[in-house]
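Step one of this worksheet: look at the structure below.
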Amino acid sequence: MPNKPSHYDVIVIGAGPAGFASAIRCAQLGLKTACIDDWRNKQGQSRLGGSHLNTGGVASMTLLESAKIYHQLNHEAAKHGIHADAISLDLPQMIARKDKIINELGHKMAELFTHHKIAHIQAKAKLLNARQVAITSGEGHAQTVLDADHIILASGSTPINLPCAPIDNEFIIDAIAALNLHEVPKKLAIIGAGVVGLELASIWHRLGADTILLEAQENFLSLLDQQISGEAYRVFQQQGMDLRLGARVISAKKGNKKVTVEYQDQEGTHTLRVDKLIVASGRKPNSGELAAPEADLLLDENGYVYVDDNCRTNLPGVYAVGDLTLLGPMLAHKGIEEGVFVAELIAGLHNPINYDNLPSVIYTEPEIAWVGQTEQALRATRVPIKVGIFPLSATVRAFALGRTQGLVKIIAHADNDKILGVHIIGSQASELIAEAVLAMEFSASSEDLARTIHARPTLSESVHDAALALKERALHLPTVK
Ligand code: NAD
């Protein structure tokens with residue numbers, strides 16, 4: 001264990017997006033801060049960034065970028081007059097690039113910790129009480145107790161394992177192992193067509209795997225605006241993914257280098273034989289070993305740490321941020337904002353988070369992004385609304401990119417025109433949504449967006465045009481009266 005002072009103003013447990021952000025902001029505010037995390041990379045080196053950087057969102061998105069290039073060379077380059085006849089896939093190199101990027105980003109985070117004089121303690125932490133944390137180092141299991149005036153819990157989440165599909169990480173694998181395969185499976189099944197399942201399918205399907213998604217729910221992406229989920233279903237099916245809805249997996253067994261998967265739908269029980277099965281059936285908070293029983297940290301029945309609207313747990317001076325709580329969805333940027341919010345709260349500032357304008361993104365291709373309420377939710381509560389829809393097939397830049405699939409949908413209040421929701425499926429939707437978030441944060445009307453000049457030719461014109469369409473004056477669509 002390195003020689004560290006044993007008392008801090010703030011101890012942060014976990015160095016994922018939420019923990020990292022809270023540690024940096026605490027240090028910026030002059031608080032003596034330690035951040036404890038036990039993550040090690042494949043080489044056994046200590047690494048910041050948590051699962052989001054190392055095995056989750058960033059890792060997955062990085063691999064998807066490679067998969068998109070491979071797919072474009074195979075299926076689109078010829079249309080551009082580029083003939084790349086001898087394309088071959090070096091999967092270990094692709095994975096190595098992903099790991100290199102992750103390592104570089106992890107290094108940059110460590111440099112920032114050093115710059116801000118944050119003590120990074122490589123160890124496993126356990127909350128003992130409202131003021132004390134026990135840390136156990138990897139080697140020798142020596143235990144030390146650290147004191148702090150404030151403790152921020154940011155230990156994140158891990159994939160949920162299904163008893164019906166026991167992970168062996170060779171044939172039946174979790175979402176982490178799914179980013180480190182040695183070869184492309186010929187036939188791949190994925191349990192769960194949620195965010196993770198779809199992001200992984202987007203990678204492996206592009207690299208050549210015959211991909212089947214088995215989703216227990218009858219409705220595809222049921223949280224999304226139904227028009228967007230309907231479009232997403234159509235686009236992914238068209239890409240060749242085999243999406244089976246209402247298909248609940250009941251067993252998975254490996255044997256003879258294959259996995260036999262049994263699932264049930266309305267028509268009965270079916271059997272599939274695949275080369276790999278990925279389990280992407282949700283995530284659970286990492287709270288099991290976070291606190292000693294005598295700490296009396298209050299959890300709900302699913303292991304989420306109980307917090308009030310200010311991320312305060314039941315223990316005075318102890319806060320929880322990110323995936324550990326139910327304050328919002330499991331999103332890295334939600335965790336980052338909570339981390340900053342709590343650091344500022346500790347320093348005597350109160351800058352509440354507006355959860356209403358939290359953007360969500362699914363990193364598929366095309367991407368899906370949204371903010372605010374869906375048309376269905378607004379109609380169910382009888383809010384009078386107007387809707388503007390603009391297809392990317394009417395956007396100049398989308399044509400140039402060869403990315404004309406998708407649409408932008410803007411929903412505004414029918415009386416005061418305030419924007420209530422923006423839903424996008426299309427290339428770079430993750431970037432386009434930022435404008436909508438900003439507009440909503442400033443309580444903009446759809447007219448404000450419609451009167452804002454957008455550069456041409458850009459994909460952002462589709463957001464502009466959707467605002468114009470809401471007023472039946474889109475320039476690049478026939479007027480619908
Ligand atoms: P999810 O809940 O979105 O999807 C899991 C799906 O698995 C569900 O639709 C569920 O019905 C299905 N399922 C469960 N058991 C099944 C069975 N036996 N047979 C068939 N289907 C079954 O969970 P996820 O995709 O693992 O994501 C977990 C969390 O992490 C989410 O909150 C997500 O928002 C977050 N996350 C976000 C991003 C992002 O922002 N892009 C990326 C990764 C994860």
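Remember, predicted model here, so these are calculated numbers, not experimental data. Position 1 is the first residue of the sequence, and the numbers go up from there. As the structure lists them, so they are numbered: ligands from 1, and atoms in each ligand from 1.
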Going by distance only, is there an N or O of [X] that falls short of 3.5 Å from an N or O of ligand 1?
X	answer
V196	yes
R283	no
A216	yes
V195	yes
V249	yes
C164	no
E199	yes

Q: Take the angle between the ring planes of F20 and F113 and call it parallel below 30°, perpendicular above 60°, tilted in between.
A: parallel

In the protein, which heavy atom is nearest to [atom], and how far is it?
atom	result
atom 7 (O) of ligand 1	G192 CA, 3.2 Å
atom 32 (O) of ligand 1	M330 CB, 3.5 Å
atom 23 (O) of ligand 1	G282 CA, 3.2 Å
atom 39 (C) of ligand 1	V361 O, 3.4 Å
atom 15 (N) of ligand 1	S281 CB, 3.8 Å
atom 11 (O) of ligand 1	E215 OE2, 2.6 Å
atom 17 (C) of ligand 1	I191 CG2, 3.6 Å

Proximal ligand 1 atoms for [X], defined as those under 4.0 Å from one of its heavy atoms:
X	result
Q217	9 (O), 11 (O)
G194	3 (O), 4 (O), 25 (O)
Y363	41 (N)
A247	19 (N), 20 (C)

Once you restrict to heavy atoms under 4.0 Å, what part of [X] touches ligand 1? Side chain, backbone, both or neither.
X	answer
L331	side chain
A280	backbone
I160	neither

Q: List the steps, then state whether side-chain hydrogen bond (donor to acceptor under 3.5 Å, both in side chains) holds for Q217 with S222.
A: CA-CA 8 Å; Q217 289 188 42; S222 56; 3.0 Å; yes

Q: Considering non-hydrogen atoms only, spot the tightest contact between Q239 and Q405 and give its length.
A: NE2-OE1, 4.3 Å

Q. Under a 4.5 Å cut-off applied to non-hydrogen side-chain atoms, are Y363 and I203 in contact?
A. no

(Q) With a 4.5 Å cut-off on side-chain heavy atoms, are V196 and L200 touching? (A) yes

Q: Would you please determine whether S360 falls within less than 4.0 Å of ligand 1 on a heavy-atom basis?
A: no

Q) Is the closest heavy atom of G56 to ligand 1 under 4.0 Å? A) no

Q: For the pair L345 and R312, evaluate side chain to side chain contact (heavy atoms under 4.5 Å, CB included) and give the outcome as yes or no after the intermediate values.
A: CA-CA 10 Å; L345 202 63; R312 290 189 177 103; 4.1 Å; yes

Please check if the side chain of [X] supplies one atom and the backbone of [Y] the other of a donor-acceptor pair under 3.5 Å.
X	Y	value
S287	G303	yes
N169	D174	yes
S460	H454	no
K98	L179	yes
D210	K187	no

(Q) Checking side-chain polar atoms at under 3.5 Å, does N286 have a donor or acceptor matched by the opposite partner on S157? (A) no

(Q) Using side chain to side chain contact (heavy atoms under 4.5 Å, CB included), reason through I425 and E367 one step at a time and then give a plain yes or no. (A) CA-CA 6 Å; I425 173 167; E367 294 176 342; over 6 Å; no

Q) So does K68 have more than 12 non-hydrogen atoms from other groups sitting under 6.0 Å from NZ? A) yes

